[in-house]
Amino acid sequence: MDGKLLKPYDPKETETRIYKLWEDSGFFVPENLPGDRKKPFTIIMPPVNANGSLHAGHALVMTIEDIMIRYQRMCGQKTLWLPGLDHAGFETQVVYEKKLEKEKRTRFEIKPKDLYKEILDFTLENSKNIKSQIKRMGASCDWSREKFTLDADIVKAVHQTFKKMHADGLIYRGNRIVSWCSKHQTSFSDLEIVDEERVDNFYYLKYGPFVIGTARPETKFGDKYVVMHPKDKRYKEYKQGQKIKLEWINGPIEATVIKDESVDMKFGTGVMTITPWHDSADFEIAEKHGLDKEQIIDENGKLLPIAGEFAGEHIKKARPRIIEKLQKKELVEKIDENYKHVVRTCYKCGTVIEPQIKNQWFVKMKPLAQAALVKIKKGEIIYIPEHFKKITVHWLQNIMDWNISRQIVWGIPIPAWFHEPKCIPKPGLEKDIKKCKEIIISTEKPMCEFCDAEYIQDPDTFDTWFSSGQWPFVALGFPKSEDFKMFYPTDIMETAGDIIFFWVARMVMLGLYITGELPFKTVYLHGMVLDAKGQKMSKSKGNVIDPMIYTDKYGADALRIGLVVGNTPGTSLALAEERIRGYGKFANKLWNITRFVLDNIQTSEVKRELKEEFDKLAEDITSDMENFRFHLVSDKIYHYIWHRFADEIIEESKKNPEVKSSLMYILENSLKILHPFMPFITEEIWGMLPNRKNLLIVEKWPQ
RNA sequence: GCAUCCUUAGCUCAGUGGUAGAGCGUUCCGUUCACAUCGGAAAGGCCGAAGGUUCGAUCCCUUCAGGAUGCACCA
């Protein structure tokens, strides 16, 4: 017997050594796998944020994907699991800004180029840490193919996509209302906004002959249109376009009556004034009727000169003062102090979003969504759990255009160039001066053909999800690489359910649009990992579980199986330490089972009933594996090994030699089934069994 | 308002068209040589409520209640 077995199982020492053994074997690389493997099986790892360390959710990703990959590898597929790191655009910039804050610096004082370099260094430094933690989890991914979302070839491919979409009319630049965070000084897409229920004051203000309701009096300075429903009998005497002179916050103004069906007659008084620059619904009305739009609040949340005496004040401070003034002028009819409404806030800092009109790049989503919907409705993507299909369809059917411009430096630059305003024609080209193009989409700095003006690159960067949305094909080297031909479309996209819109749906649309094929056949979505009490982990609550603490204490194997047993796809899991500790005991149990079996090796003949029983279990488990029921497989093999194999069969074998001779068969095959779940200890034990030629990682899955 | 999910043992959750399962916890017993990071045993549930389909429902359908999440609108 191996001397190691006399000691208790030591996961920490074993796991580091075994990972190295696998890496040295080269079996993470599909081309190195034994046998003639033609059928590829591909998973693209969701690129991990390189701005911190591995959290419990990552641990779950690594576990589930590794289970899939190891199972398919054992089944003889040419398996590729492609690892990646994410620059994570805004997310990382926020993390870095917090770091700057601690150092009493701010990003607004640093030159964009220098800031970019600083964040890049920070990210590259962090990524070393992240990578070693991914390895610690046992992830059998092909490190030789590792990609970073800012790699030159990735950036190039993303630029090509932008260019093509622009040429196809799917991308436009427009002065449209966007969601603006005055703290982070950037705009967002609709997904980066969190609705928050609040109770605020609701003010009824006298506006000439009308009473208008508002929760935001500070936006009202420029309001010169008064809108009502065309069928509202209360206001039938007022006609579209009618001018009314009235006294307002800073003196007399002239208001214009607008009739529009979007007004809810039952809300408030049924009359409202509009602020098109700072409200998306008002913006729509203004667009429809061709009305003026005026900016009232600047990008820092301060009032502009239109506010008169309030100019320069922050809206938060100005609001009570404005009301005070209105009260003095007897323009406040009443105040409802219990107005419940939803406020849109920045998902990172909670700052109230101030809609602003800005000139940005937008993706026209309807055509992309339509094409994706056709495929999804036909069932060409399998969603696990199934109901995510309905959620996706619902979202795609109600999709809005996507603002992809971000006013941050940390991201992929937008390959758009703006013509300088000054225009001195080149000699002899005076006539052609009007042909100067305002915007040129190009990866290189363009020169103007007709004048000597320069082109300045758009200072904005892409929403990180615009590039992530192309990840499956760009990570595989689209368009020309061998890998793309071999491994695309990929087999499974496994990721967190809460980024189904941010990421999954967009990958479907962009993958289909660029490559003509869906980027993956199956979407597997896992739920959130919660703390032991079932609460969401957050830094502010201080209940964040560092998975690396558990791998140190109980081994990565114990953490892995603890994350999987009973954890059905899509539902969240409360991660309790006792749970992991329990599976640590299981590893030890398996260790002792091995000790007994190796001490008692007799013949390798298997008792027929025992073989049949095991093979039936293996068959059942294989069917579960094929259907992604890992939560059941892990439970079944755990119980078989502990409560059937150890408790009953081994006990029986002490009395019955025929049973004893069967033990090796059962151990061997149990190790194979358990391997995807607990790869380290199974590989370690496998190496101790007599006459092993292969590593367990490339052994054949039991029939 | 629209959508999705959940409601099963003290806790956390699996599961199945044929009178319920696990882990942890609890109680009791046990250290004869694979294992005290253990073994053996026990207690504990009209499977949210009401209807319907069925020979039979915890499971399928409808309604309701409670909880969670997502999306939209709110002047």
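Hydrogens, waters and symmetry mates play no part in the numbers below; they use all other heavy atoms, side chains included. So you know, we letter chains A, B, ... as the sequences are listed, proteins then strands, and number each from 1.
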Interatomic spacing from CD1 in Ile499(A) to CG in Leu525(A) - rounded to 0.5 Å:
8.5 Å
Determine the interatomic distance between C1' on C28(B) and the same-named atom on A14(B); round to the nearest Å.
28 Å
Per the under-4.0 Å heavy-atom filter, residues of residues 194-208 of chain A near RNA chain B come out as Phe202(A)
Expressed as a whole number of Å, how far does the C1' atom of A57(B) sit from that of G48(B)?
15 Å
Could you measure between the two P atoms, the one in C6(B) and the one in C13(B), and give it in whole Å?
13 Å
From C71(B), C74(B), C5(B), nucleotide with atom closest to Leu191(A) side chain:
C71(B)
Identify whether any heavy atom of Phe501(A) sits under 4.0 Å from a base atom; if not, whether one sits that close to sugar-phosphate; answer base, sugar-phosphate or nothing.
sugar-phosphate
Could you measure the distance from the NE2 atom of His631(A) to the CD1 atom of Ile64(A)? Nearest 0.5 Å is fine.
11.0 Å
Sequence neighbours excluded, every pair satisfying salt bridge (charged side-chain N to carboxylate O under 4.0 Å, His left out) that has a member inside residues 567-588 of chain A
Lys553(A)-Glu577(A)
Interatomic distance, Leu559(A) CG vs G23(B) C1' [rounded to whole Å]
16 Å
Among C35(B), C74(B), C71(B), the one nearest any side-chain atom of Asn592(A) is C35(B)
Round to the nearest Å and state the distance from His394(A) atom NE2 to G70(B) atom C1'.
9 Å
For the pair made of CD1 in Ile500(A) and C1' in C71(B), what is the distance, rounded to whole Å?
13 Å
Expressed in angstrom and rounded to an integer, what is the separation of Leu663(A) atom CG from A34(B) atom P?
12 Å
Integer angstrom distance from the C1' of A72(B) to that of G21(B):
42 Å
P atoms of C47(B) and G10(B), separation to the nearest Å:
13 Å
When rounded to the nearest 0.5 Å, the distance separating NZ of Lys266(A) from NE2 of His229(A) is 10.0 Å
Taking His639(A) for the side chain and Asp635(A) for the main chain, is one N or O donor matched with an acceptor at less than 3.5 Å?
yes
Structure string for RNA chain B in dot-bracket form, Watson-Crick and G-U at under 3.5 Å, | interchain
(((((((..((((....[..)))).(((((.......))))).....(((((..]....))))))))))))....
Report yes if a donor N or O on one partner sits less than 3.5 Å from an acceptor N or O on the other, where the partners are the side chain of Gln397(A) and the base of A3(B); otherwise report no.
no
Find the distance Asp498(A):CG to U4(B):P and express it as a whole number of Å.
20 Å
Say you pick atom P in A9(B) and the same atom in G15(B); how far apart are they, in whole Å?
15 Å
To the nearest 0.5 Å, how far apart are CZ in Phe202(A) and OH in Tyr339(A)?
5.0 Å
If we only count heavy atoms from C-beta on, is the Arg344(A) to Val194(A) side-chain gap below 4.5 Å?
no
Selection residues 193-215 of chain A - residue pairs positive for salt bridge (charged side-chain N to carboxylate O under 4.0 Å, His left out), sequence neighbours left out
Glu196(A)-Arg198(A)
Could you state the CG-P distance from Asp10(A) to C35(B), rounded to the nearest angstrom?
19 Å
Using the six-membered ring wherever Trp is involved, compare the ring planes of Tyr640(A) and Phe614(A) and label them parallel, tilted or perpendicular (cut-offs 30° and 60°).
perpendicular
With sequence neighbours excluded, what pairs up with Phe310(A) under the ring-ring contact (aromatic ring centres under 6.0 Å, His included) test?
Phe221(A)
Out of U37(B), U4(B), A34(B), which has the shortest distance to the side chain of Lys390(A)?
U4(B)
Gap separating the CG atom of Leu674(A) from the CG atom of Asn669(A), nearest 0.5 angstrom:
12.5 Å
Taking salt bridge (charged side-chain N to carboxylate O under 4.0 Å, His left out) as the cut-off, I'd like each qualifying pair that reaches into residues 210-225 of chain A, sequence neighbours left out, listed once.
Arg216(A)-Glu218(A), Arg216(A)-Glu354(A), Glu218(A)-Arg319(A), Lys220(A)-Asp223(A), Lys224(A)-Asp292(A), Lys224(A)-Glu294(A)
Looking only at non-hydrogen atoms, find the nearest pair between Pro209(A) and Tyr238(A) and report the distance.
CB-OH, 3.4 Å
Please work out if Val342(A) contacts a base, only the sugar-phosphate, or nothing of the nucleic acid, heavy-atom cut-off 4.0 Å.
base
Checking all strands, does Ile391(A) fall into the base, sugar-phosphate, or nothing category for heavy-atom contacts under 4.0 angstrom?
sugar-phosphate
Kindly give the atom pairs (protein nitrogen or oxygen, nucleotide nitrogen or oxygen) under 3.5 Å for nucleotides 27-33 of chain B.
none

Residue pairs passing the salt bridge (charged side-chain N to carboxylate O under 4.0 Å, His left out) test with at least one member in residues 557-568 of chain A, sequence neighbours excluded, are Asp66(A)-Arg560(A)
Test of ring centre spacing under 6.0 Å for Trp402(A) and Phe362(A)
no
Below 4.0 angstrom, which residues in residues 214-232 of chain A have at least one non-hydrogen atom near RNA chain B?
Thr214(A), Lys220(A)
Between N or O atoms, less than 3.5 Å apart, protein on one side and nucleotides 39-41 of chain B on the other: list the pairs.
residue : atom : partner   : partner atom : Å
G39(B)  : OP1  : Lys589(A) : NZ           : 3.3
G39(B)  : OP1  : Trp642(A) : NE1          : 2.2
G40(B)  : OP1  : Asp647(A) : OD2          : 3.2

Which part of the nucleic acid, if any, lies within reach of Gly213(A) when heavy atoms closer than 4.0 Å are counted: base, sugar-phosphate only, or nothing?
sugar-phosphate
Calculate, to the nearest 0.5 Å, the distance between atoms CG and CD1 belonging to Leu331(A) and Ile322(A) respectively.
13.0 Å
Can you tell me how far P of C73(B) sits from CD of Glu261(A), to the nearest Å?
19 Å
When the nearest nucleotide of RNA chain B is assigned to Asp282(A) and to His639(A) on a heavy-atom basis, which residue is associated with the more 5' position?
His639(A)
Report which part of the nucleic acid Ala646(A) touches: base, sugar-phosphate, or nothing (heavy-atom distance under 4.0 Å, all strands).
base
Generate the contact string for nucleotides 8-17 of chain B. Rules: B means base contact, S means sugar-phosphate contact only, - means no protein heavy atom under 4.0 Å.
----SSSS--
Could you check Phe596(A), Tyr9(A), Phe586(A), Phe680(A) and say which one makes a ring pair (Phe, Tyr, Trp, His ring centres under 6.0 Å) with Trp591(A)?
Tyr9(A)
When you measure from the centre of the six-membered ring of Tyr204(A), is the NZ or CZ of Lys334(A) closer than 6.0 Å and no more than 45° off the axis?
yes
Quick test of your reading of the model: are Lys654(A) and Glu651(A) salt-bridged, counting only N-O distances below 4.0 Å?
yes
Separation of atom NZ in Lys340(A) from atom P in C74(B), rounded to whole Å
19 Å
Using the test ring-ring contact (aromatic ring centres under 6.0 Å, His included), find all partners of Tyr225(A) that sit at least two apart in sequence or belong to another chain.
none
Any salt bridge linking Glu261(A) with Lys231(A)? Criterion: basic side-chain nitrogen under 4.0 Å from a carboxylate oxygen.
no
